[in-house]
Amino acid sequence: MKELKELVRPNIWALEPYSSARDEYKGVEATVFLDANESPYNGPINRYPDPLQNEVKELLAPVKNVRVEQLFLGNGSDEAIDLVYRCFCEPRVDNVVAIAPTYGMYKVCADINEVEYRTVLLDENFQFSADALLAAADRLTKVMWLCSPNNPTGNRLNTKEIVSLLTRFQGIVVVDEAYIDFSSEPSFSQVLDKFPNLIVLQTFSKAWASAGMRLGIAMASPEIIGIFNKVKYPYNVNLLTQAQAKEILSKRLDVERWVRLILEERGRLMKAFNDLPICLKVYPTDSNFFLARMTDANAIYKYLVGKGIIVRNRSKIQLCNSCLRVTIGTKAENTALLSALRMYK
Ligand SMILES: *Cc1c(COP(=O)(O)O)cnc(C)c1O
């Protein structure tokens, strides 16, 4: 990896961050807080939240088996995705390379930040090669985007190729693991100390069943986390979200049970799809959804909408011709989907 200073935008490297009242005073003994122009009424929400979410991170670090200094929390993973551009990519100068197809926000944030977004198509098994990504890069490539398990294809990317990219690419490699809890493979967060150029993204939105809470996780070297903390809004994770995060972290057994139920239903639903005459192929998945190639995805999508059942029509995405993406619901929801599809003609 290049020196971090060579990868970070010069204005960000030199940035003097905003210092809040909460940053300047951090003692625990005080009982009278007259420093932040807050109201004394309507507690506890009258107070600004902890800018660095330390209590949440203390609970989260052992769950993820990383150190608190390796954790960044944001308003969904989307905040971390945007921060990657704002910290590393000089608008109209630098570029990034991503696999395709993948999660749409990497490109949207590139467009917003005026950063050239280069893509390398996955192969027919939805796998990538480090060689191909490196071939698409030049000296102005700051970031490579990987998503594993990948959305919308559902599969994990080849571990050897990810390691190869991490070893050979001199810039930042992001591995988005939004669906890692549905996979049997370990997280790349466990090799952060080996790869200083690695950023792993996870989220509370999927297995943790808290999409409405808006809490995303980035894990990286303490140096990269320090850059993110400098650039983020001072109070980027609100008080209600921090309280709710502590609550869901105390319910880990429920989360594990939900994941088991979803995996069980995933097996049942995929098997049933395989037996549908209108389904041509069910792709392997490590996520809480799967991709299915249908005889006529557009028509089937519209038919399901008419029945009040919404799946994701991915038929216009590269390599996903005539494919629907189906999220695993409750047993009753999945059964409703199957009954509708069995009646389709
Ligand atoms: C759903 C999803 C996310 C989650 O985004 P949040 O902003 O945390 O809700 C991130 N990455 C991928 C690939 C996803 O599919």
Side-chain angles (χ1 to χ4, degrees), residues 53 56-57 60 63-64 71-86 96-110 112 117 119 122 126 128 143-157 162 172-183 185 187-189 198-220 228 232-233 236-238 240-242 244-245 248-249 255 258-259 262 266 283 285-291 310-314 317-320 323-329:
Q53 311 97 20
V56 180
K57 287 179 184 170
L60 185 60
V63 171
K64 298 294 178 190
L71 283 171
F72 166 86
L73 295 177
N75 187 334
S77 314
D78 293 345
E79 179 179 357
I81 293 167
D82 191 49
L83 274 175
V84 166
Y85 287 104
R86 293 165 67 207
V96 303
V97 175
I99 56 168
T102 192
Y103 186 48
M105 279 304 286
Y106 316 140
K107 173 158 193 322
V108 171
C109 287
I112 290 169
Y117 185 82
T119 58
L122 296 172
F126 298 141
F128 82 107
V143 178
M144 300 253 191
W145 290 98
L146 300 177
C147 183
S148 181
N150 188 32
N151 180 4
T153 60
N155 62 299
R156 255 187 282 120
L157 298 178
I162 299 179
I172 301 293
V173 177
V174 182
V175 182
D176 187 340
E177 295 184 337
Y179 301 97
I180 191 72
D181 301 280
F182 302 105
S183 166
E185 287 286 298
S187 164
F188 267 85
S189 62
L198 169 63
I199 299 176
V200 176
L201 303 183
Q202 293 187 11
T203 179
F204 281 81
S205 296
K206 309 287 159 60
W208 289 81
S210 303
M213 182 168 90
R214 307 308 303 135
L215 192 62
I217 307 165
M219 292 173 274
F228 282 1
K232 76 180 186 71
Y233 290 165
N236 62 323
V237 178
N238 71 68
L240 298 171
T241 294
Q242 293 192 39
Q244 191 64 38
I248 193 74
L249 279 163
V255 175
W258 297 334
V259 168
I262 287 168
R266 185 179 79 186
Y283 289 91
T285 184
D286 277 285
S287 309
N288 66 335
F289 63 86
F290 62 90
L291 202 61
I310 316 299
V311 296
R312 196 84 194 264
N313 185 357
R314 299 279 77 183
I317 304 270
Q318 285 174 300
L319 303 181
C320 301
C323 284
L324 298 178
R325 194 192 70 187
V326 181
T327 305
I328 312 302

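No experiment lies behind these values; they were computed from the predicted model shown. Indexing begins at 1, ligand by ligand and atom by atom, following the structure's order.
- Aromatic pair F126/Y283: ring centres closer than 6.0 Å.
- Of the options N151, N150, T119, a side-chain hydrogen bond (donor to acceptor under 3.5 Å, both in side chains) to T102 is made by N150 and by none of the others.
- The distance criterion of under 3.5 Å between nitrogen or oxygen atoms is not met by N75 with respect to ligand 1.
- Heavy atoms of D78 found under 4.0 angstrom from ligand 1 belong to the backbone as well as the side chain.
- Relative to atom 1 (C) of ligand 1, the option among M105, Q202, M213, K206 with the closest non-hydrogen atom is K206.
- Atoms of ligand 1 lying under 4.0 Å from any heavy atom of S77, numbered from 1 in the order shown and given with element: 4 (C), 5 (O), 6 (P), 7 (O), 8 (O), 10 (C).
- Using modelled atom types, one finds no donor on one side chain facing an acceptor on the other under 3.5 Å when comparing R156 with S148.
- Counting only N and O atoms by type, the side chains of D176 and Q202 include no donor and acceptor under 3.5 Å apart.
- Close contacts between ligand 1 and Y179 involve ligand atoms 1 (C), 14 (C), 15 (O) [criterion: under 4.0 Å to a heavy atom].
- In this structure, atom 12 (C) of ligand 1 lies nearest to the protein heavy atom D176 OD2, 3.4 Å.
- Shown here for Y179 and S287, the closest heavy-atom pair between the two residues is CB-OG, 3.7 Å.
- The distance from ligand 1 to the heavy atoms of C147 drops below 4.0 Å at these ligand atoms: 13 (C).
- Note on ligand 1: A211 sits outside its first shell, no heavy atom being nearer than 4.0 Å.
- Of all atoms in ligand 1, numbered sequentially from 1 with element shown, those under 4.0 Å from a heavy atom of S205 are 6 (P), 8 (O), 9 (O).
- Under the 4.5 Å side-chain criterion, counting only non-hydrogen atoms from C-beta, T153 is in contact with P101.
- Those atoms of ligand 1 that come under 4.0 Å of a heavy atom in A178, given as number and element, are 2 (C), 3 (C), 10 (C), 11 (N), 12 (C), 14 (C).
- Take W145 and apply the ring pair (Phe, Tyr, Trp, His ring centres under 6.0 Å) test, not counting sequence neighbours, and it matches Y85, Y106.
- Ligand 1 has at least one atom lying under 4.0 Å from a heavy atom of R214.
- In this structure D82 satisfies the side-chain contact (heavy atoms from CB on, under 4.5 Å) test together with R86, C109, N113, sequence neighbours excluded.
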